[in-house]
Amino acid sequence: MIIFYFSIIILIFGTFVSFLFKKNIKLIIFSGFLILTSLIFLVISSINFINNNFPTLNFLNLNRLISQTNTGNLDYFSIFSNLNFEITSIGLFFIFVLSVVSFCIALYMPYYIRSHLINQPQLNFHLFNFSLLLSSIVLLLLTSNLLIFLILWEIMGISSFFCIFFDGQKSKTINAAILYIVMMHISFLLILIGTIICYNHVGSFSFEKIQLYFQQANSLDLNTDLNKVKLLLFSIFTVGFIIKLGIFPFHFWLPEAHPASPSHISSFMSSIVIKTGIYGLFITLNLIGLPTLTFAKIIIFIGLISALIGIINAASQTQIKKFLAYSSVENAGILLFLFGSSIYGLINNSFFLYLSSLLAIFIYLLNHAFSKSSAFLSAGVIINETKNDDLNLLGGLVHYYKDLTGANLISSISLSALPPFGNFIGELLILIAYANYITNYGFSIIPFFVFLFIGLIGSITLLGFTKYFATGFLGKFRGKSDIKKRKLDVFLTFSLYIQLIFALIFSSSFFYNFYFKIIKDLSEKFSFLSGNFILEAEMLAINKIFNSFYKITILFLALFIVFWLLYSLIKLKREKTWSCGFISKSNDNFQYTANSFVEPYISVFKPLVGIKVKKKEKEMVFIEDSYIETEHQDIVQKNFINPIIEKINYFFEKLSFIQSGRTQDYILYGLIFLIIIIIITLIRYI
Amino acid sequence: MKEFIYFLLKIILIIFSPPLMIGIINRVKAIWAGKYGQSILQPFYDIIKLLRKKTIRSNTSSFVTTFALPLQFVSNLIALLLIPFGKIKPFISFEGDFFFFIGLLGLSTFCQIIMAMESAGSFQGMGASREINFSIFIEPAIILLFSSMIFYTKSYSMNKMLMEFGFLSLEKIMVGVILGISFFLLILIEGKRIPIDDPATHLELTMIHEAMILDLSGKDLAIAIYSGYLRIFIFSLITSNIFIPTFISTNLSILFLILIIMFISIVVGAIESLFPRVRMNHIPDFMLLVLSLSVIIIALMFTMNT
């Protein structure tokens with residue numbers, strides 16, 4: 001534990017040290033310290049996983065020692081001991097993911113910031129906020145006190161808000177950042193309400209006491225007061241965390257905030273910050289216990305629908321970062337669905353479903369975090385190099401940036417849930433679990449919807465990522481500005497690839513025992529699992545399946561590599577694209593664009609895709625200027641949020657007569673206020 | 001010894017059946033049109049001819065084509081290895097491989113599309129766009145069809161799912177017939193045959209699959225074509241496995257399998273001769289038809305449950 005404090009202090013110290021220097025050296029120093037910190041986190045989390053002793057690191061656990069020896073003499077230590085920071089297995093898993101991502105961001109950040117005009121104080125502020133964001137998340141993952149959790153949640157929200165504000169001059173950035181902070185505060189408010197209700201009932205913020213208190217409500221009688229409170233708390237917390245996760249009715253902040261923020265921040269947000277929502281859901285489950293079956297079903301449906309709507313919107317996007325952001329909505333939806341089905345399995349006593357959906361959560365989360373981070377970082381490179389983020393104006397990047405294309409090819413395969421990557425394995429696991437479920441319990445509406453939705457989501461994801469990769473990187477460059485063939489920095493390339501390699505390695509069956517350890521630890525900690533049930537049989541079944549799966553995958557990869565090597569020996573002759581003999585010079589612009597690629601699809605899903613086409617076509621007697629323009633606005637934002645904002649604006653405009661600008665009026669208001677106060681006090685005395 | 005013979009038999013079937021199927025289809029079409037027609041072995045000759053030719057690639061293509069073509073071929077091949085041959089076990093099988101199968105098909109589609117988009121031509125883009133857009137409803141349909149088999153056979157590896165699905169009760173006959181029809185439609189859809197796509201067309205604007213491989217030549221084209229043949233063979237293998245009765249012996253099941261596959265190729269040839277190609281905007285109807293058939297199966301099962 002003390003090492004965690006220590007490394008956070010190192011990071012913040014490093015940030016302040018870097019303030020002393022000028023831009024380039026500052027960046028190098030900051031990245032150095034960030035690398036150091038993330039390496040420390042990486043080493044600690046991996047050591048703990050291998051040794052399997054997360055909860056009781058006695059020689060490190062300062063708090064335990066202090067609370068044991070605390071006899072009142074060490075007053076100033078007692079503050080620390082009440083803070084209750086504790087290493088948990090799930091927290092360590094998240095820290096592991098975070099450390100890899102922040103390591104890559106540290107390698108990437110100097111490149112990105114160097115190419116942006118930004119003055120010294122702004123840069124200092126940005127770096128400070130980034131280190132604050134990182135340390136607040138680490139502490140959030142370690143805390144075992146609801147109040148501190150809440151405070152850190154708020155710090156995380158505000159610091160990430162300031163991180164988004166990197167390009168503060170653009171009005172789009174400001175709007176997106178404000179939307180983000182408002183949504184985060186709605187989330188914060190809900191969690192605050194939940195915390196207050198919790199404190200009212202339990203009388204303590206400590207996780208252990210809350211857990212003990214709600215363990216009393218384990219009876220199946222749903223009408224007791226305690227069970228009602230449980231359900232209320234569960235729904236409040238769930239909605240609060242869902243906003244952070246970017247689930248369907250509350251997802252609209254995400255595709256605004258990600259494109260607006262600098263690339264390393266959008267990568268960090270997408271891979272770590274929104275995942276804290278899932279962590280929060282785990283904490284809720286841990287503290288309060290199981291909700292009802294209906295609740296689990298609702299969570300599953302919300303997750304699936306959110307995933308579908310996310311990917312439907314993603315496939316129609318032409319802006320790179322917006323596309324990736326909507327794809328994150330999809331992945332968050334799948335994570336929520338997996339979470340819901342783990343509860344569903346537990347309530348139905350289908351432990352295979354419980355175990356495999358939890359395992360799927362970890363693999364899916366890890367793979368998505370690494371691949372999406374890599375994709376966002378390379379999107380940053382593209383935007384930096386071509387000054388353009390519209391797929392319609394890109395294309396042919398493979399001829400200019402070979403390494404970048406390779407990384408994107410792999411991350412596209414990984415993110416479109418194709419074998420052998422973790423997103424595919426997560427879906428494979430959950431489908432096996434539901435297949436097992438229907439063989440044991442018969443068909444019901446939930447498995448049917450799961451099969452239908454997972455299939456639809458899978459095929460639309462394939463559409464989206466083929467569009468992204470094929471129109472962005474292949475063919476010829478569609479833009480006008482000249483870009484030059486160039487090799488990227490070694491560090492930069494390394495940061496893009498290392499995450500993908502990690503994603504591939506850590507979703508393989510070799511590491512499943514580590515995930516099983518986390519799940520075992522979680523299951524022991526869950527108050528509702530105090531009875532002794534054994535997951536061994538299910539673990540063996542999953543291990544058996546995945547051992548054979550990996551044998552086949554290795555065969556597959558080996559065959560592929562052999563064919564690939566043989567194939568690359570073929571002598572080639574290069575010619576101009578045949579195009580059925582079309583030889584005009586305008587052949588260069590004859591490619592399909594991103595918009596035309598998905599046009600048939602948009603016509604099917606038109607009501608769900610908020611795309612508006614603006615056309616200016618005149619009667620073409622003589623050739624005149626005409627244009628066509630597409631504009632995108634999220635359907636939720638357009639139909640529900642904008643009207644509410646308009647109403648609020650209207651209301652405040654009506655009130656604007658109060659602010660007349662005359663000093664006399666303001667003095668009058670003061671006078672009226674004083675009179676009212678006097679009258680109220682008089683009434684009280686009477 | 002018996003195992004070894006079966007092993008050899010499977011390898012022979014995998015290598016020679018896909019082009020042979022196409023040969024039969026073309027021969028049936030020719031006879032129907034009153035022509036003498038080409039030899040059944042003509043697809044072999046075509047592939048051998050293409051393999052001996054020089055490979056010319058567009059100068060806009062890059063390492064991605066070299067990466068995607070073998071990957072497409074290998075993923076189709078591995079998907080084929082997951083399917084049983086009558087009562088002979090497949091090469092590889094594990095519980096839950098039905099989704100691995102779907103994933104491999106997805107990977108092959110992904111490769112095909114990025115390969116097509118590499119040539120920077122408008123026809124290739126058009127073909128790729130049509131291919132991926134029309135196949136949106138295929139994946140959920142396949143998953144639902146498999147899930148109905150999972151429900152009846154109580155197992156979720158493709159090996160057992162396809163081998164143990166016998167027509168022994170009334171409900172299984174009902175479900176089996178619908179399954180057979182849906183998988184037969186999938187042969188037409190995945191194999192890019194009439195009425196969805198015409199492999200013999202010369203009009204680029206009506207092409208789907210053909211447009212994607214317009215710019216390939218030589219060895220590239222040979223592999224792309226062979227992958228397409230594999231795709232047809234995969235789905236006809238699944239279809240014929242559904243119809244093979246569970247109670248017959250292993251040797252007889254192989255005979256059955258070969259007969260059914262031949263029958264399927266004749267039917268496909270007959271359909272190609274009898275039906276015109278549908279209009280482009282009616283193609284998604286076929287995909288939706290398969291999806292609705294699969295939903296009907298699920299609805300049937302719901303009624304059986306209660």
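Order of the sequence lines sets the chain letters (A, B, ...), proteins ahead of strands, with each chain counted from 1. Hydrogens, waters and symmetry mates are skipped; everything else that's a heavy atom, side chains included, is used.
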Of B/Ser147, B/Ser294, B/Ser148, the residue whose pairing with A/Phe451 passes side chain to side chain contact (heavy atoms under 4.5 Å, CB included) |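 Exactly one pass, corresponding to B/Ser147.
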Within-4.5 Å side-chain heavy-atom neighbours: [X] and [Y]:
| X | Y | answer |
| --- | --- | --- |
| A/Phe469 | B/Val64 | yes |
| B/Leu77 | A/Phe560 | no |
| B/Ile56 | A/Leu572 | no |
| A/Trp564 | B/Leu69 | no |
| A/Phe453 | B/Ile143 | no |

A/Thr577 side-chain N/O to B/Ser119 backbone N/O, donor-acceptor pair under 3.5 Å |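 Side chain of A/Thr577 to backbone of B/Ser119, a donor-acceptor pair under 3.5 Å: yes, one is there.
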Side chain, backbone, both or neither: which part of A/Lys402 has a heavy atom under 4.5 Å from chain B?
->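 The answer is both parts of A/Lys402.
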When only heavy atoms count and the cut-off is under 4.5 Å, which of residues 96-106 of chain B reach chain A?
-> B/Gly96, B/Phe98, B/Phe99, B/Phe100, B/Gly103, B/Leu104, B/Gly106
What part of B/Ser61 is in contact with chain A, defined as an atom under 4.5 angstrom from a non-hydrogen atom: side chain, backbone, both or neither?
-> both
Measure centre to centre between the rings of B/Tyr156 and A/Tyr437, then say whether the value is under 6.0 Å.
->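 Ring-ring flag for B/Tyr156/A/Tyr437: false, centres at least 6.0 Å apart.
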Would B/Lys54 and A/Lys573 count as a side chain to side chain contact (heavy atoms under 4.5 Å, CB included) if you check the C-alpha gap in whole Å, the side-chain angles of each, and the deciding distance to 0.1 Å?
-> CA-CA 8 Å; B/Lys54 197 192 270 175; A/Lys573 201 182 158 195; 4.1 Å; yes
